[in-house]
Amino acid sequence: MFRGSAPATVDEKGRLKIPTDFRRQLEERWGPEVFITSVLGDRAMVFPLSVWEDLENRLLALPSTDRARDRYLERVNYFGQQHRIDPQGRVLIPQLLREAAGMGGEVVVGGQLDRLVVWYRERIE
């Protein structure tokens, strides 16, 4: 499980350099594929792809008429994109999400059990 937090940066191209300890855990347990999204646009959530797929399967089990499910999916799909961690340990934060969260430069990456959460440092402080 992911615990604690670490400083990181989002470069001018929108790539997050995942802190080494988090990257090692992520790749050893789940591999390099991730789904990056947000619900409110205030932070990025980095899900290992298999964790995201498990969540999607739970959502699929809900009735198709469930309005809360549809609103949640609309938000996470608006902000979300699937990516692969590159050999340098970077992953692209989707542009719409970067703009909504004001994300660039110094960020804080925090562990939240089975996902990482990325906050623009000035915003979370």
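The first residue in the sequence is number 1, and the count goes up from there.
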- Message: For residues Met103 and Leu92: do they belong to one hydrophobic cluster (side chain heavy atoms under 4.5 Å, members Ile, Leu, Val, Met, Phe, Trp, Tyr)?
- Response: no
- Query: Sequence neighbours excluded, which residues qualify as salt bridge (charged side-chain N to carboxylate O under 4.0 Å, His left out) partners of Arg43?
  - Reply: none
- Go through Leu49 and Val34 one step at a time and tell me if the side chain to side chain contact (heavy atoms under 4.5 Å, CB included) criterion holds. CA-CA 4 Å; Leu49 187 58; Val34 295; 5.9 Å; no
- Message: Just to verify, what does Arg75 make a side-chain hydrogen bond (donor to acceptor under 3.5 Å, both in side chains) with, not counting sequence neighbours?
- Response: none
- Query: How are the rings of Phe2 and Phe22 set to each other: parallel, tilted or perpendicular (split at 30° and 60°)?
  - Reply: perpendicular
- Item | Under the side-chain hydrogen bond (donor to acceptor under 3.5 Å, both in side chains) test, residues paired with Asp11 that sit two or more places apart | Arg15
- Message: A side-chain contact here means heavy atoms from C-beta on lying under 4.5 Å apart; do Leu113 and Arg3 qualify?
- Response: no
- Query: Can you find a pair of side-chain heavy atoms, one from Leu16 and one from Arg90, that are under 4.5 Å apart?
  - Reply: no
- Any link between Met1 and Ile18 through a network of hydrophobic side chains (Ile, Leu, Val, Met, Phe, Trp, Tyr) touching at under 4.5 Å? no
- Which residue pairs pass the side chain to side chain donor-acceptor pair (under 3.5 Å) test when at least one of the two sits in residues 94-106, sequence neighbours left out? Gln95-Glu99
- Who are the side-chain hydrogen bond (donor to acceptor under 3.5 Å, both in side chains) partners of Glu53, not counting sequence neighbours? none
- Who passes side-chain hydrogen bond (donor to acceptor under 3.5 Å, both in side chains) against Glu74, sequence neighbours left out? none
